[in-house]
Amino acid sequence: MTAGRVGKVALVGLPLGFLTVFYLYPVASILFTGLYEDGSFDFSPFGDVLSSSSLRGVAWFTFWQAMVSTVLTVLAAMPIAYVFARFEFRGKRVLSALLIVPFVMPTVVVASAFVALLGRSSPLGIDLNRTIWIIFAAHVFYNVAVVVRTVGGLWAHLDPRLEAAARTLGATRWQAFRTVTLPLLRPALTAATSIVFLFTFTSFGVVLILGGLTYSTLEVEIYRQTLFFLNLPLAGALAIVQLVGVSLILWIYARYQRRRRVAASLVAASQVARPPTTTRQRAAVAATVGYLGVLVVAPLAILVARSFGGGNGGFGFYRALTETSSSTASVSAAEAIGNSLWIAAVATLIALVVGMAAAAVVAYSTGRAAAGFDLLLMLPLGTSAVTIGFGMLVALDWPIDLRANVLLIPLAHALVAIPFVVRISVPVMRSVRSELRDAAAVLGASPARVWREIDVPIAARALAVSAGFAFAISLGEFGATSFIARPDTPTLPIAIFRLLGRPGTLNFGQAMAMSTILMAVTAGVVLLTDRLRVRDVGEF
Amino acid sequence: MLAWRKPNFGRTRLIGAAVGLTLIVSACGSSGDGTLTVLTHSSFAISQTTLDSFTEQTGIEVSLLDGGDAGAMLAQAILTKDNPIADVIFGVDNTFLSRAVEEEITVPYRATGLNGLHEFTRLDDTNRFTPIDYGDVCLQYDTAGVLPADRGGLFFDPDTGPGLVVEDPSSSSPGLAFLLATIAAFPDGWQDYWASLREQGVLVVPSWTEAYYGEFSGASDGDRPVVVSYASSPVAEVVFAAEPIDEPTTAIVEESCFRQVEFAGILDGTDSRGDAAEFIDFMLTNEFQEDIPLNMFVFPARTDAALPQVFVDHAVIVEDPWTLDPEVIAANRDAWIEEWTEIVLR
């Protein structure tokens with residue numbers, strides 16, 4: 001076997017092996033446990049799902065709320081992505097980092113901020129509590145960063161002269177956007193859309209907490225059937241319905257994406273973003289900042305405000321977090337931050353190694369097998385956290401018993417982060433025109449050198465964005481994590497949950513302080529990866 | 001095989017990473033030898049010094065495994081019963097007891113000290129589960145709220161509806177306990193009771209945290225003066241007050257309480273059965289039992305365990321709580337929850 005061939009095998013083998021061991025095998029095991037009994041498969045739970053009008057209603061609701069949430073998220077995010085890409089203004093970096101913070105916040109904490117903002121005592125005078133609208137608002141709040149950062153990342157490198165040329169030729173502003181910019185953004189836009197769809201399709205906390213029990217998704221039902229009724233057969237049937245639905249959507253998405261491939265000519269972000277000059281531009285920037293203020297900053301500010309108090313000049317709750325009490329349940333802030341950071345670092349590392357290998361396979365290969373591989377990579381995002389968590393518990397006891405191993409936590413996080421890494425990286429990798437590579441080869445560069453000098457620097461940009469997301473996902477993940485047995489390594493979200501599980505103003509205040517710390521850590525990490533990105537590919 | 005376009009890849013780095021990952025995983029894989037692993041729910045807590053003292057007395061190290069809420073923990077134990085992830089399980093309560101006994105996840109063990117426990121905690125004749133503590137789920141009200149003079153009536157008179165927030169029994173253990181209280185109190189009329197509560201505008205939320213910190217006027221900016229919570233909540237309020245307070249600003253309705261008993265057991269298939277038995281015995285000593293209230297805010301199962309002063313001052317020991325036989329609960333809970341859902345949510 002040639003060296004190149006070994007490389008290819010490793011590149012396919014690594015992600016395929018990872019997903020087989022940590023996703024396919026566990027999910028198959030738990031479904032088998034649920035549906036196989038006394039020597040044969042029992043398919044009657046499917047009958048129960050299909051014949052129950054309430055469960056059919058749940059499946060339909062799951063689908064349409066995800067569609068609407070996704071469309072609303074894209075609509076809310078595009079103006080922000082545009083302003084961030086085209087204009088340079090004070091505070092842009094911080095705002096862009098803050099945007100990702102909602103992504104990591106525990107739902108139970110965000111929900112309380114949302115109810116304060118859009119509930120009965122709303123300062124805006126609108127009471128959306130327990131309506132479908134508050135679910136949509138929360139989904140937009142959570143996911144807007146996915147679209148802004150993926151689409152905005154590409155937009156920031158699109159040569160503005162293309163659109164200017166179209167305008168010179170007489171196109172209206174809208175025509176120029178629709179016929180020139182939009183097709184170029186499409187790879188990033190479809191990538192972001194598919195991720196947002198999967199997230200909202202498997203929405204759990206938002207629907208459960210804000211929906212007021214009138215609404216329920218497949219994810220919520222799987223949780224209920226597994227944890228409260230211990231009805232694994234029905235949960236298994238629901239999980240399969242969920243998987244089939246997700247696969248179908250992903251398949252349609254893949255077909256759509258394959259038909260539309262455009263290689264763009266990219267320029268350095270610094271050539272694209274300019275300070276706003278006209279009144280109109282300044283107004284656009286100001287409007288975006290104001291809009292973000294309401295959409296993202298206001299709910300977060302409510303939580304921060306609640307974290308102050310409790311004596312000690314307003315820092316009583318933070319002070320209490322530095323004290324270690326004798327109880328096994330108490331967690332100091334330092335301990336939680338430490339656990340969160342190392343787990344997120346390991347998860348990010350795994351997600352980047354596996355995800356970049358997978359992205360290279362998807363970006364540079366064609367054909368049915370590649371499409372299937374692409375679909376497989378996305379599936380974990382569309383799979384119930386209960387299915388993944390309990391699947392790992394059932395399956396991973398051999399050859400090494402990982403079930404109660406602390407490493408299972410970053411592994412589970414990596415599983416959720418890998419689809420991000422792939423979706424963010426593939427469009428960027430594909431955007432490298434093959435002529436560039438051919439030219440290098442003609443000039444005598446070895447294939448390895450072409451890869452090192454052309455593909456790697458370009459992938460580095462995707463790497464930085466992916467790393468930021470993977471880190472954030474791990475910091476905030478509380479889906480699969482909450483269903484695997486965890487050795488005593490409380491992370492920030494776990495500490496927040498523990499505090500919110502007990503009565504007393506001190507506990508509540510400390511939970512808010514811990515939430516504020518989680519926000520600060522997230523924003524800090526994202527600012528840091530953004531900075532890396534700028535330095536590495538500024539010359540791009 | 002995939003059809004490739006062109007490139008060649010940096011294989012050494014990738015292979016290196018893969019090998020590295022494998023090494024990390026296998027290095028961390030061999031944990032927990034010689035220590036006793038205790039699977040608990042997330043609300044478990046005890047003083048570290050108490051665990052250390054156990055280690056000192058017996059030479060057995062204890063490591064805790066957080067299994068999520070009580071339902072998730074039990075599901076984990078059932079799913080792994082052929083090859084358990086821990087040696088001891090703590091936190092199965094009387095609403096799940098029969099199911100857990102039926103699944104035979106634990107082995108029978110007659111703990112030393114069993115005779116010194118409150119009679120009402122002795123719910124498992126098979127001794128697969130040993131009672132450790134008990135507590136009550138009750139209506140709790142905001143003393144500053146607008147309420148009728150007869151607080152006992154809060155439970156019996158469904159006119160409480162507009163001021164009441166409860167948890168969904170299909171996703172919350174206090175929610176289920178309160179449903180059971182109403183079934184025990186009105187065996188033939190609980191459906192009407194709930195229909196009336198619904199008419200009056202009772203609010204249902206998915207979990208205790210949303211009810212207490214989201215809607216209850218006694219602990220949040222919510223506007224519901226009555227919540228389903230724990231009998232010990234007013235005590236916790238005093239212990240965990242941001243600014244020290246002498247008296248809690250909430251109280252419980254004694255007539256509304258449902259008793260929960262929590263059990264521990266030795267998981268079937270453990271290699272450390274002897275050590276596990278020692279730990280169960282230790283949980284019934286006064287050293288452990290007297291450490292329970294301030295950590296978990298429930299009461300020791302031992303009759304002669306002394307209570308901390310703050311419990312003596314502020315806790316209400318409910319004299320005559322509602323109870324239901326665990327077998328009756330196990331046989332009916334799914335149907336009850338379904339019926340409740342039809343009446344209250346649909």
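Interface residue B:D223: backbone and side-chain heavy atoms are both found under 4.5 Å from chain A. Contact of B:I46 with chain A is made through backbone and side chain together, with heavy-atom distances under 4.5 Å. Of the atoms belonging to B:S63, not a single heavy atom falls under 4.5 Å from chain A. Residue contact with chain A, scored on non-hydrogen atoms closer than 4.5 Å, involves the side chain of B:F96 exclusively. Within the 4.5 angstrom heavy-atom criterion, no atom of B:P244 approaches chain A.
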Practice item. Assess whether side-chain contact (heavy atoms from CB on, under 4.5 Å) is satisfied between A:F508 and B:T209, documenting all intermediate values. Key: CA-CA 10 Å; A:F508 184 77; B:T209 300; over 6 Å; no

Exercise for review: Walk me through it: do A:I30 and B:L79 pass the test side-chain contact (heavy atoms from CB on, under 4.5 Å)?
Suggested key: CA-CA 9 Å; A:I30 188 74; B:L79 284 171; 3.9 Å; yes

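Inter-residue side-chain proximity for B:L64 and A:R486 is flagged as unmet; no heavy-atom pair is nearer than 4.5 Å.
Rounded to the nearest 0.5 Å, atoms CD (B:Q76) and CZ (A:F483) are 9.5 Å apart. One distance of note links CG of B:D334 with CG of A:N231; it measures 7.5 Å at 0.5 Å rounding.
Between B:E338 and A:R224 there is no salt bridge, since no side-chain nitrogen of the basic residue lies less than 4.0 Å from a carboxylate oxygen of the acidic one.
One N or O on the side chain of B:Y213 and one on the backbone of A:R502 form a donor-acceptor pair closer than 3.5 Å. Remark: side-chain polar atoms of B:R333 are paired, donor with acceptor, to backbone N or O of A:F228 under 3.5 angstrom.
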